[in-house]
Amino acid sequence: MTNKVRTRFAPSPTGHLHVGGARTAIYCWAYARGRDGTFILRIEDTDQKRSSEQATFGFFEDLNWLGIDWDEGPAFNSCGGGDVGPYLQSQRLELYKEHLQTLFDNGLAYYAFETPEELNEKRKQARTEKRAYRYDRAALELSEAQVKANLEADMPHVIRFKVPDDAVLAFKDEVIGDVEIARSELDDFVIFKADGYPTYHFAVVVDDALMGATDVVRGQEHLNNTYKHIVLQDALGFERPNYAHLSLIFNPDGSKMSKRDKDKALRTFVKEHSIESPPNGCIPQDVWEHWLSSKDNQLQTDEASDLATALGVSLPEINVDDFKAAGYLPEVLLNYLCLLGWSPGDDIEQFDSAFLIEKFSLDRIVKSPAKFDRAKLLAFNLDAMQALSSEAFEERLLEWCNEYAPEFASLGNRFSLFAKANHERSKTFRDAIETSKFLVEPDETLTWEETKPVKKALLKGELTGLSLLPEVATRLSDLSEWTHASIDGCMAQCAEELAEGKLGKVAQPVRIAVAGSPVSPPIGDTLVLLGKESTLKRIERCMKFFGSKCDA
RNA sequence: GGUCCCAUCGUCUAGUCAGGUCAGGACAUCAGGUUUUCAUCCUGGGAACAGGGGUUCGAAUCCCCUUGGGAUCACCA
């Protein structure tokens with residue numbers, strides 16, 4: 001093994017990649033890339049209950065979307081490979097057993113037969129006595145014959161690590177600095193579970209060593225675990241990697257950003273609006289009831305989003321693919337995520353991954369936790385969107401629409417103008433379609449809501465917008481060609497002759513008439529996009545709709 | 001509760017390790033201005049060293065205490 005940098009990102013396949021995990025992956029990746037090192041992806045799937053192949057796959061996509069590629073790990077697109085695999089822990093059982101044997105040989109591992117229930121009792125006990133629970137080493141008292149008999153009787157058992165009394169429980173963290181705990185804080189933890197799989201602690205130590213990880217960058221929730229890892233490394237004769245523990249990412253309200261936030265948002269909405277059954281049967285009744293029966297019952301990802309759609313609730317973005325669906329640029333998410341806990345200095349905030357790779361270092365990582373600020377992300381996204389050439393914007397908007405808004409993707413030769421009309425006013429790709437829904441709405445079904453701005457533009461004032469509409473419609477219909485120039489000219493002329501030169505007086509009623517809302521792209525774009533026929537038909541319908549309202 | 005970690009504008013942070021410019025930037029916010037809607041865009045303003053003790057000529061920076069926040073205490077990772 002060379003002494004080159006080797007970092008690894010080791011998620012457990014329990015759902016999609018969330019922003020905290022993404023940030024860790026970005027740091028690991030950037031650190032390796034900037035040092036001519038190797039970035040490894042390893043899947044920690046030793047928990048059979050929680051692993052699923054589909055979730056693993058989701059990770060790959062999310063990582064790729066962010067522009068993160070791995071040199072070694074599971075094969076995906078052009079990523080993966082490597083000769084210290086396999087990179088799925090579930091396929092490395094033999095390796096773990098080999099090293100477990102080393103521990104047995106040195107008298108550093110032993111069988112324990114307590115049931116989870118027994119252990120839980122003792123934990124509860126410890127809690128009521130206001131002290132931390134530590135395993136009492138009861139299994140160490142068992143005679144060799146007893147252990148043998150238990151094993152032969154197939155009694156369920158775990159294997160614990162016998163932490164040496166003189167174990168050194170101190171290390172230097174690249175972010176935090178020197179840390180240590182007292183020997184009494186570490187008990188003989190489980191290294192092999194009753195199902196025959198290693199625990200996280202054992203697997204991670206063996207894998208990091210065998211895969212030659214030089215730098216372990218991970219979340220701060222692992223800081224206390226690290227003591228377990230270093231005693232295991234010492235016992236197995238492994239070299240110790242550098243550690244860097246990252247502070248956590250929180251919601252603006254200070255709560256931990258978690259997948260549960262979505263469930264919480266739905267629950268709150270349902271409760272506040274006293275909704276008693278799933279709207280339009282978007283999810284099965286039994287699923288609905290099961291979900292509401294306990295806070296611990298979470299909806300599946302797709303069930304949650306179906307319900308959210310049906311209720312009209314927007315779920316908080318937590319996972320990387322949530323931000324993708326919301327229409328953010330991957331390079332912006334990457335940029336913003338980096339800033340949560342790291343900065344290049346020199347007042348530079350917006351940068352690309354090449355810059356990140358060049359500048360990233362562990363010593364500039366901030367120790368304190370950060371709150372995720374969507375407003376800033378949005379501002380960054382706007383800047384990046386505007387910096388895109390119109391060709392690039394169109395291409396990427398189309399790509400996005402293909403996945404999330406196919407009705408816009410099939411706009412055909414109108415797509416280009418649709419993109420241009422929305423480029424500078426969109427903070428996200430989704431923004432572009434939100435204010436252009438009228439484009440994919442049939443002329444016949446367009447409706448008007450009598451909101452304040454609508455009434456103001458159409459019905460208020462001495463000269464109402466509605467009264468202008470017939471004349472404007474006539475002039476528009478007289479136009480021999482339907483272009484920006486002709487339309488804008490016509491509108492300007494109408495304004496001049498009918499509304500004291502106030503363009504808004506004319507444009508706004510027309511906008512509302514054809515778009516059904518007071519917000520749409522510039523009026524010229526809007527009308528060209530719609531075409532002459534639709535425009536006139538919509539104005540006609542609008543006049544009828546509001547005309548009857550007036551009579552009533 | 002035990003243990004560990006953290007603490008600069010509302011938020012992300014620069015400055016801390018090698019004490020010494022009115023504590024800098026960005027987002028948000030507020031006040032003006034541009035604009036046919038929305039969104040942009042332009043100009044300007046307010047806004048922080050958690051508190052208390054030390055060390056020092058001098059402390060955001062070093063030390064201690066208090067307070068506050070977080071993580072962890074699994075046969076989950």
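Naming convention: chains lettered A, B, ... in sequence-line order (proteins, then strands); numbering from 1 in each chain.
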Quiz item: Taking CE from A:Met385 and P from B:A39, how many angstroms apart are they, rounded to a whole number?
Solution: 17 Å
Practice problem: Could you tell me whether A:Glu117 contacts a base, only the sugar-phosphate backbone, or nothing, with contacts defined as non-hydrogen atoms closer than 4.0 Å? | Solution: nothing
Practice problem: Mind checking A:Arg364 for me? I need base, sugar-phosphate or nothing, with any heavy atom below 4.0 Å counting as a touch. | Solution: sugar-phosphate
Practice problem: May I ask you to evaluate whether A:Lys502 reaches the phosphate of B:U36, defined as a side-chain N or O under 4.0 Å from OP1 or OP2? | Solution: no
Practice problem: Report yes if a side-chain nitrogen or oxygen of A:Lys193 is closer than 4.0 Å to either non-bridging phosphate oxygen (OP1 or OP2) of B:A77; otherwise report no. | Solution: yes
Self-check item: Partner nucleotide, any strand, of B:U36 [Watson-Crick/G-U, under 3.5 Å]
Solution: none
Quiz prompt | Watson-Crick or G-U counterpart of B:A14, or none if no pair lies under 3.5 Å | solution = none
Quiz item: In whole Å, what is the span from the NE2 atom of A:His229 to the P atom of B:U72?
Solution: 13 Å
Quiz item: How is A:Glu129 classified with respect to the nucleic acid when contacts are heavy atoms under 4.0 Å: base, sugar-phosphate, or nothing?
Solution: nothing
Quiz item: At under 4.0 Å between heavy atoms, what does A:Thr115 touch on the DNA or RNA strands: base, sugar-phosphate, or nothing?
Solution: base
Quiz item: With both distances kept under 3.5 Å, what pairs with B:G68, Watson-Crick or G-U wobble?
Solution: B:C6
Quiz item: Of all the choices, B:A71, B:C75, B:A14, which nucleotide is nearest to the side chain of A:Val366 once you look at every atom?
Solution: B:A14
Quiz prompt | Protein-nucleotide distance (A:Lys452, atom NZ; B:C38, atom P), rounded to Å | solution = 14 Å
Practice problem: State whether A:Thr46 places a side-chain N or O below 4.0 Å from either non-bridging phosphate oxygen (OP1 or OP2) of B:A77. | Solution: yes
Quiz item: Please give, in whole Å, the distance from B:U72 C1' to A:Arg134 CZ?
Solution: 10 Å
Practice problem: Quick one: do A:Glu129 and A:Arg127 satisfy salt bridge (charged side-chain N to carboxylate O under 4.0 Å, His left out)? Show the steps, please. | Solution: CA-CA 5 Å; A:Glu129 286 168 22; A:Arg127 201 54 199 252; over 6 Å; no
Practice problem: Answer with base, sugar-phosphate or nothing: what part of the nucleic acid does A:His157 contact at a heavy-atom distance below 4.0 Å? | Solution: nothing
Quiz item: Does A:Lys367 place a side-chain N or O at less than 4.0 Å from the phosphate oxygens OP1/OP2 of B:C6?
Solution: yes
Quiz item: Can you find an N or O donor on one side and an acceptor on the other, under 3.5 Å apart, linking the side chain of A:Lys376 with the base of B:A28?
Solution: no
Self-check item: Assigned partner base of B:G1, Watson-Crick or wobble definition, under 3.5 Å
Solution: B:C73
Practice problem: Taking only the side-chain heavy atoms of A:Leu382 (C-beta and beyond), determine which of B:A14, B:C41, B:C12 contains the nearest atom. | Solution: B:C41
Practice problem: Tell me what A:Gln350 touches on the nucleic acid: a base, only sugar-phosphate, or nothing, going by heavy atoms under 4.0 Å. | Solution: nothing
Self-check item: OP1 or OP2 of B:A74 under 4.0 Å from side-chain N/O of A:Arg123
Solution: yes
Practice problem: Please check if the side chain of A:His423 supplies one atom and the backbone of A:Met385 the other of a donor-acceptor pair under 3.5 Å. | Solution: yes
Quiz item: When all nucleic acid strands are considered with a 4.0 Å heavy-atom cut-off, which category describes A:Gly341: base, sugar-phosphate, or nothing?
Solution: sugar-phosphate
Exercise. Side chain of A:Ala132 only, please: which of B:C5, B:C75, B:G2 is the nearest?
Key: B:G2
Exercise. Using a 4.0 Å heavy-atom cut-off across all strands, classify A:Phe250 as base, sugar-phosphate, or nothing.
Key: sugar-phosphate
Quiz item: B:C4 C1' sits how many Å from A:Leu223 CG, rounded?
Solution: 7 Å
Exercise. Tell me whether the OP1 or OP2 atom of B:U37 has a side-chain N or O from A:Ser520 closer than 4.0 Å.
Key: no
